[in-house]
Amino acid sequence: MSFLRSIVATSTRNISTTQPSHLATQIRNVSNRSKRGLYNGRDIRAGNNVPFSLKKTKRTFKPNVFKKRIYSEILQEMLPFHVTTSALRSIDKAGGLDQYLIANGGNKGYGYIQAGNNEGWLARERILQKIQECDNKGVHVLEKVVMKDEHGNVKETNVSMGMRMSNGSKN
């Protein structure tokens, strides 16, 4: 819980609509298509078709992108995204859409979200705003939940289980 709150605290202080300085010196251009959604660093690449005769012809390799609605636990709603299969795996690895978007703003290694007017950044801003509103009201967005794996081993994790007031009543 303290890990995610520390990320949110540092993220809300450093929110800016300009690009960070380490991204400004990027050598490879990023296409407008990959800025549109959650592409996890994937982009259109060029290569060759090589048949049996070895006569190479140019072609493009496009990322596996589709439109998908992903549930945000903090916002408690489904958000539509253009998302790659790679980004879906990274979202699962991060522990959900909210953790993926929050950690990405701080460049924690789950993928790439560009600052600006795109789906990922706008959803991240909404999530951070909701967390800030809940903290101001004294509502705990994240709670400690005890989970068991298939072997019955108990592991404690921070999972958002809806917004709950301090006395335990549902908001």
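Within the 4.5 Å cutoff, the side chain of F61 has no heavy atoms near those of the I44 side chain. Taking the side chain as every heavy atom from C-beta outward, P80 and K67 approach each other to under 4.5 Å. Put simply, the side chain of I102 reaches to within 4.5 Å of the side chain of I127, judged on heavy atoms.
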key: CA sep, side-chain torsions, deciding dist, call: S72, D98, side chain to side chain donor-acceptor pair (under 3.5 Å)   = CA-CA 6 Å; S72 169; D98 303 324; 2.6 Å; yes
task = Given side-chain contact (heavy atoms from CB on, under 4.5 Å), test R36 with N118 step by step and report yes or no.
result = CA-CA 5 Å; R36 202 173 294 153; N118 59 47; over 6 Å; no
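Just one residue in the list V65, I91, I70, L88 forms a side chain to side chain contact (heavy atoms under 4.5 Å, CB included) with F81, and that residue is I70.
Between E77 and R126, at least one side-chain N (NZ, or NE/NH1/NH2) sits under 4.0 Å from a carboxylate O, which counts as a salt bridge.
The same ILVMFWY cluster, assembled from side-chain heavy atoms under 4.5 Å apart, contains both L75 and L38. Y100 is connected to F66 through a chain of hydrophobic side-chain contacts under 4.5 Å among Ile, Leu, Val, Met, Phe, Trp and Tyr, so both are in one cluster.
Interatomic distance, K130 NZ to D135 CG, rounded to the nearest 0.5 Å: 12.0 Å. Here the straight-line distance linking atom CZ of R89 with atom CG of D92 works out to 9.5 Å at 0.5 Å rounding.
Take R59 and apply the side-chain hydrogen bond (donor to acceptor under 3.5 Å, both in side chains) test, not counting sequence neighbours, and it matches no residue.
When all heavy atoms of A94 and Q99 are compared, the closest pair comes out as O-CB, 3.4 Å. Scanning both residues, G37 and E119, for their nearest heavy atoms gives CA-OE1, 3.4 Å.
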Compile the donor-acceptor pairs under 3.5 Å between side chains in residues 46-57 and protein atoms, sequence neighbours left out, one pair per line.
none

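Of the possible polar contacts, none joining the E73 side chain to the G96 backbone as a donor-acceptor pair under 3.5 Å is found. Proximity of a side-chain donor or acceptor of N64 to a complementary backbone N or O of T85 within less than 3.5 Å is not detected.
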